[in-house]
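When reading the values below, keep in mind they use all heavy atoms of this one structure, side chains included, and skip hydrogens, waters and symmetry mates.
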Amino acid sequence: MDSSTVRIISECFVTPQHVSEESKQPFYLSTWDLVMLSVHYIQKGLLFTKPAPGDYCEQNLINNVLVRLKRSLSIAPVHLYPLAGRFATKIEQNPKSHFVCVDCNNSPGAKLIHAAADMSVSDIVSPTYVPLVVQSFFDHDRAINYKGCSMNQAIADRVTFWHFFNTLSEIFQAQGDTSIKISSSPVLERWFPEGNNGPLLTLPFTHQDEFITRFETAHSIAKLKEKANTESNTTKISSFQSLSAFVWRSITRARRLPCEIVTRCTSAINNRSRLEPPLSPNYFGNSFQTVTAMTTAGELLEHGLDESVRGFVNDWLQSPFAYQSSPILYPRSVIIGSSPRFNMYGNEFGLGKALTLRSGYGISREGEGSVDIEICLPLFSMNALESDEEIMAAVSAPI
C-alpha cells in the first residue's frame, strides 16, 4: 500500500495556555540527551477503532476529538514545557564548540496534524508484514533529532515519552479542566554528576557533519523465562532478558551468519533507579544508556538461553560524542529498544482503548503479561525467521 493514501487535511501549532518564568529560560541538555542528536526521533503511535456505525455522526466525533486534543495539547506543555520548544544552536570556532539547548520562547508550539486514509483497521493489523503506509503516519519520516522535530529523543527517552502521552490522556479525559493536577509531575531539573559545573555542555565540533550520521535504516514469555533459568541453573533471569536472548539467537540464525562472525545485542537500560541516590521516576529527558553483549554467531547458536552509569557520564564528559547509526554493524547485530513496562494501552482520547500500537521507520496486546514485538529485517532474513519453528511457536503460542 502506497504512502500516498494518507491525505493531510489540516495542520496547526498549539501553544501553551500560559508561560511560566521557568520556561522563559533555556532548557539545557545533559550528557544523556546530547548523545542522541544523531539518532532518529521516537515514532510510536496508538491505533484506535471508531464506535460502531449508527452510534455517532462521524464528522462530529472527529471534530470533537480534535477540539479536545488541541485543548489538551495547550495544557500539557504547561507541565512539560520543553516539548513545545525548538532547538537553538550556538557554534564557536575557537575553541571548537557546538552548544545545543531548547528555546521555549522562539517556538510556534506543538504541531497537530489531522490526516485521513482510505483504509480500515484490519488493513493495518491483519497483514503478516506491517504495511508501508504505516510509515507515513509519522511526520518527518527518517529525520534525526538534531533537526529538532516531533517527539525528539534528544530531550525525551521512552520513559519521558510515555509520561507525556499518559499526561496528555489524563488531561484529555478531564474534559479540558485547566485546574487539573496531573498525577505524575515531571522533574525538569537537569542531572549532572558531582563536581561537574553544568549545564553548559558542548560538543567539540563546529559543523553538524562532524557528529551527525544519516543512515536509513503471557504465556510463551513465561515458558522462555522458565527455559532460560532451567538451562542456566538459576532463578535470576528476567522475562525481558530471556525474550531478548531468544530474539537475538533467532535473528542470528535467520541471517545465516558464518560461525566466526561476531554478533552483538544492544539494549537500552533506564538509569533513573540505578543512580545513588536514585533519580525520580518522573525525571524529564533522557536517562538511559546502552549495554551490549557480544559473541560469535557459532557460540550464540551453540548454547542455550542463558553499575556503570556514572562511569559512562564521566567518560562522555572527557570525550563527548553522539550515538551513530552504523550500516556495518546492522547486518550482524540486534538492537532492542523501548520497554514492556510502559503504560501504552491506558491512554484514551475519546475513542475508547487503543487496539494496537505501531512504530514508524526504523502489535497487538492480549491480556496481562504479553509483550508486543516488532522486528525489522531484510526480506531474505525475515523469510528465514518465519520458517524457524522455534520462534514461530513462541510468538504464535495461545495464551
Side-chain angles (χ1 to χ4, degrees), residues 1-10 42-66 68-69 112-139 141-142 150-151 162 165 168-169 172-173 218-221 243 247 337-338 340 342-379 381-389 391-399:
M1 192 172 295
D2 191 87
S3 62
S4 61
T5 56
V6 173
R7 308 182 306 280
I8 302 297
I9 297 177
S10 66
I42 299 176
Q43 300 178 57
K44 298 289 181 184
L46 294 171
L47 182 67
F48 297 89
T49 57
K50 291 184 292 188
D55 293 346
Y56 67 97
C57 171
E58 181 169 343
Q59 193 57 52
N60 289 342
L61 171 71
I62 298 301
N63 289 340
N64 180 55
V65 170
L66 288 173
R68 291 176 61 185
L69 267 178
L112 177 64
I113 300 174
H114 176 203
D118 297 322
M119 57 193 311
S120 66
V121 168
S122 62
D123 292 330
I124 300 172
V125 301
S126 296
T128 300
Y129 301 113
V130 177
L132 289 177
V133 68
V134 172
Q135 294 179 15
S136 61
F137 292 175
F138 301 90
D139 199 22
D141 182 41
R142 312 188 195 197
S150 197
M151 191 59 175
W162 288 107
F165 228 96
L168 184 64
S169 174
F172 186 97
Q173 294 176 66
H219 177 69
S220 56
I221 301 297
L243 175 62
V247 171
S338 203
F342 297 146
N343 179 15
M344 301 176 181
Y345 291 92
N347 300 287
E348 294 191 46
F349 299 99
L351 296 171
K353 297 289 186 180
L355 176 67
T356 188
L357 179 142
R358 285 292 182 264
S359 301
Y361 181 80
I363 302 182
S364 74
R365 179 181 174 91
E366 299 185 33
E368 296 297 327
S370 63
V371 174
D372 295 342
I373 305 175
E374 289 187 346
I375 298 177
C376 300
L377 292 172
L379 184 58
S381 298
M382 186 64 79
N383 287 337
L385 191 67
E386 290 180 327
S387 300
D388 189 312
E389 295 182 0
I391 191 169
M392 293 310 295
V395 300
S396 304
I399 300 299

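- Looking at every heavy atom in both residues, L112 comes nearest to L66 through CD2-O, 4.5 Å.
- Among all heavy-atom pairs drawn from G346 and S169, the shortest one is O-OG, 4.1 Å.
- Within the 4.5 Å cutoff, the side chain of V121 has no heavy atoms near those of the K50 side chain.
- Evaluation of the ring pair (Phe, Tyr, Trp, His ring centres under 6.0 Å) rule for F349 yields F165, F172 as partners, not counting sequence neighbours.
- Taking CG of L47 as the reference point, atom CD1 of I124 lies at 5.0 Å (rounded to 0.5 Å).
- The side-chain contact (heavy atoms from CB on, under 4.5 Å) test applied to S387 returns no partner, not counting sequence neighbours.
- Residues satisfying the side-chain contact (heavy atoms from CB on, under 4.5 Å) test with N64, not counting sequence neighbours, are R68.
- Contact detail for P127 and S122: the closest heavy-atom pair is CD-O, 3.6 Å.
- N383 pairs by the side-chain contact (heavy atoms from CB on, under 4.5 Å) definition with Y129, L379, E386, not counting sequence neighbours.
- Partners of V130 according to the side-chain contact (heavy atoms from CB on, under 4.5 Å) rule, which considers only residues two or more places apart in sequence or in another chain, are V134, R358.
- In this structure, V65 and F48 have side chains that are not in contact, with every pair of non-hydrogen atoms separated by 4.5 Å or more.
- The shortest heavy-atom contact between V6 and S136 is CG2-OG, 3.3 Å.
- Minimum heavy-atom separation, P131 to D123: CG-O, 3.4 Å.
- Evaluation of the salt bridge (charged side-chain N to carboxylate O under 4.0 Å, His left out) rule for E348 yields K353 as partners, not counting sequence neighbours.
- The heavy-atom pair separating W162 from K44 by the smallest distance is CZ2-CB, 4.1 Å.
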